[in-house]
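Everything on this sheet refers to the single structure shown next.
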Amino acid sequence: FLSLVYIFDYGQYSADFSGPMMIITQKITSLAFEIHDGMFRKNEDLTPSQRCLAVRRMPSLLEYLSYNCNFMGILAGPLCSYKDYITFIEGRSYQLQQSEANGKEDTKYEQTDPSPNIAVAQKLLICGLSLLFHMTITKTLPVEYNIDENFRATASWPVRVFYLYLSLMAARPKYYFAWTLADAINNAAGFGFRGYDKNGVTRWDLISNLRIQQIESSTSFKMFLDNWNIQTALWLKRVCYERATFSPTIQTFILSAIWHGVYPGYYLTFLTGVLMTLAARAIRNNIRHYFVESPAVKLCYDIITWMTTQVAISYTVVPFVLLSVKPSFTFYSSCYFCLHIASILVLLVFPLKRTQKGNKKHESIQPVWSKKLEEENLLQKNNYSTTNNSFSQKEEITCRYQALKQ
């Protein structure tokens with residue numbers, strides 16, 4: 001792999017085995033931790049989400065190979081939990097959602113067998129538009145132009161910042177295309193059904209990997225990361241962040257860099273991302289509450305944070321696109337490492353609240369639904385098999401419904 005990257009194909013994106021290898025790495029490690037949680041850890045030591053995903057029975061060889069190598073996700077994913085996949089394969093995904101809906105106080109709409117046709121058509125349309133944008137606009141806004149000597153010497157700072165934002169925004173549609181197409185393929189096969197919304201419309205976003213509108217309108221670093229490569233973010237949270245005993249943010253970003261590959265640009269991006277994330281968290285925790293009471297003030301605050309977030313994201317990911325050390329440092333040095341220095345100053349000035357301390361670690365990173373689920377004790381030990389399923393359907397419905405809210 002190293003010889004392929006550094007000798008034969010350095011600095012180039014190529015369709016080789018690395019993509020499927022990254023997806024299989026996610027699946028193998030996810031399943032390993034889910035089996036470990038279900039069979040080798042005490043129930044009371046697990047977080048609510050870990051209990052929900054825990055596998056209580058060793059999968060058969062067929063189940064294991066089917067989960068890792070199924071045709072729907074072998075090339076581009078996205079990652080899904082083992083339980084969601086087996087539920088789909090056994091034909092129980094719709095029954096779970098139907099039962100969950102029937103358990104509500106009021107079901108206004110008659111629910112028939114869900115069809116993915118509309119969702120697939122919409123996602124294919126997004127794929128077409130993303131591909132068209134990539135084949136036309138992206139080529140006119142190369143990221144490499146940010147380090148062009150003539151551009152750096154003649155362009156003013158506002159122009160450079162604006163081009164930085166445009167070039168990195170133009171670099172995103174190829175990811176929109178790949179991840180949306182992968183999602184559409186799974187939906188076309190019947191996988192990805194999440195239930196019905198309040199209007200009775202089917203939802204096919206169980207394993208969706210991005211939310212384009214939220215990405216482009218992000219007003220914080222966290223909001224961007226929460227909507228970009230969603231399944232990978234959940235994987236990093238479940239296998240690293242929740243289990244780290246110290247510096248979970250740093251460990252998670254380092255793991256993400258290692259998972260992406262061996263190019264130095266990946267490590268520069270994710271190490272810069274650590275600073276940006278911690279600084280953004282410190283600012284948000286210390287000053288945001290001063291700007292949310294008045295709608296007009298909040299609107300101004302949102303506009304400023306949107307601009308800051310988009311520039312910070314663009315600044316951070318330039319090495320990810322350039323890949324090599326020299327052009328990456330050329331870019332950062334031309335900017336005088338300004339956002340690195342600003343992030344360090346923010347961390348020195350504003351106190352950073354700890355997110356983990358003893359048993360409170362998991363409470364701080366779990367959403368509200370997880371805490372309620374913990375209080376109600378809805379989940380019991382289960383034997384996840386087709387013929388002998390001791391995990392009651394009511395509990396499985398609750399677990400599945402709540403897990404989808406992450």
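None of the values given here were measured: they were computed from a predicted structure.
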Lys/Arg N to Asp/Glu carboxylate O, [X] vs [Y], below 4.0 Å:
X    : Y    : result
K123 : D183 : yes
R41  : D37  : yes
E63  : R57  : yes

Taking the side chain as every heavy atom from C-beta outward, state whether [X] and [Y] have any atom pair closer than 4.5 Å.
X    : Y    : result
K174 : T138 : no
L31  : E34  : yes
R238 : F33  : no
Y175 : N229 : no
T202 : F193 : yes
K326 : S324 : no
L275 : L347 : yes

>> Apply salt bridge (Lys or Arg N to Asp or Glu O under 4.0 Å) to residues R194 and D205 and explain how you reach the verdict.
In response: CA-CA 6 Å; R194 185 178 176 180; D205 57 353; 3.3 Å; yes
Minimum heavy-atom distance [X]-[Y], with the two atoms named:
X    : Y    : answer
V239 : R243 : O-CD, 3.6 Å
T245 : Q251 : N-NE2, 4.4 Å
C69  : I74  : CA-CD1, 3.9 Å
L181 : C127 : N-SG, 3.3 Å
F221 : A280 : CB-CB, 3.9 Å
P319 : L268 : CB-CB, 3.9 Å

Do the side chain of [X] and the main chain of [Y] share a donor and acceptor less than 3.5 angstrom apart?
X    : Y    : result
R281 : N285 : no
N227 : L210 : no
Q231 : S208 : yes
T47  : Q50  : yes
N186 : A182 : yes
S167 : L164 : yes
N150 : A153 : no
N199 : V201 : no
R51  : L46  : yes
K83  : C52  : yes

> After noting the C-alpha distance and the side-chain angles of Q214 and D226, does the key distance pass the side-chain contact (heavy atoms from CB on, under 4.5 Å) rule?
Replying inline: CA-CA 9 Å; Q214 286 85 339; D226 285 347; over 6 Å; no
Check the angle between the aromatic planes of [X] and [Y] and answer parallel, tilted or perpendicular using the 30° and 60° thresholds.
X    : Y    : result
Y67  : Y82  : perpendicular
F320 : F270 : perpendicular
F337 : Y332 : tilted
H36  : F40  : parallel
W179 : W228 : perpendicular

Look up atom [atom1] in [X] and atom [atom2] in [Y], then write down how far apart they are to the nearest 0.5 Å.
X    : Y    : atom1 : atom2 : value
L129 : I212 : CG    : CD1   : 9.0 Å
I147 : C335 : CD1   : SG    : 11.0 Å
S49  : E242 : OG    : CD    : 4.0 Å
I24  : M22  : CD1   : CE    : 12.0 Å
I254 : L236 : CD1   : CG    : 12.5 Å
T305 : M223 : OG1   : CE    : 9.5 Å

>> Under the side chain to side chain contact (heavy atoms under 4.5 Å, CB included) test against I250, which residue among T277, L255, V274 passes?
In response: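 Exactly one option meets the side chain to side chain contact (heavy atoms under 4.5 Å, CB included) with I250, and it is V274.
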>> List the residues meeting ring-ring contact (aromatic ring centres under 6.0 Å, His included) with H134, not counting sequence neighbours, and say none if there are none.
In response: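 None.
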When the ring centroid of [X] is compared with that of [Y], is the distance short of 6.0 Å?
X    : Y    : result
F177 : F133 : no
F151 : Y163 : yes
H260 : Y267 : no

>> Quick test of your reading: applying salt bridge (Lys or Arg N to Asp or Glu O under 4.0 Å), list the pairs with at least one residue in residues 285-301, sequence neighbours left out, ordered by first then second residue.
In response: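 For residues 285-301: K298-D302.
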>> Under the salt bridge (Lys or Arg N to Asp or Glu O under 4.0 Å) definition, can you give me all pairs with a residue in residues 312-325, not counting sequence neighbours?
In response: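 Found none.
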With sequence neighbours left out, write down each residue that passes side chain to side chain donor-acceptor pair (under 3.5 Å) with [X], or none if nothing qualifies.
X    : result
T136 : none
S334 : R160
T269 : none

> Would you say the side-chain atoms of D84 and S81 include a donor-acceptor pair closer than 3.5 Å?
Replying inline: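 Yes, a side-chain donor-acceptor pair sits under 3.5 Å.
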> Do Y85 and S66 have side-chain N/O donor and acceptor atoms under 3.5 Å apart?
Replying inline: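 Yes, because at least one side-chain N or O of Y85 sits under 3.5 Å from a partner of the opposite role on S66.
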Around atom [atom1] of [X], are there more than 12 heavy atoms from other residues, nucleotides or ligands closer than 6.0 Å?
X    : atom1 : result
I118 : CD1   : no
F329 : CZ    : no
M39  : CE    : yes

>> Does L79 form a side-chain contact (heavy atoms from CB on, under 4.5 Å) with I207? I'd like the steps, not just the answer.
In response: CA-CA 7 Å; L79 172 69; I207 55 173; over 6 Å; no
>> Under the criterion side-chain contact (heavy atoms from CB on, under 4.5 Å), I'd like the reasoning laid out for Y266 against L323: C-alpha separation, chi angles, the key distance, then a yes or no.
In response: CA-CA 7 Å; Y266 297 154; L323 299 176; 3.7 Å; yes
> Does the side-chain contact (heavy atoms from CB on, under 4.5 Å) test come out yes or no for W235 and W259, once each step is laid out?
Replying inline: CA-CA 11 Å; W235 170 70; W259 175 76; 3.6 Å; yes
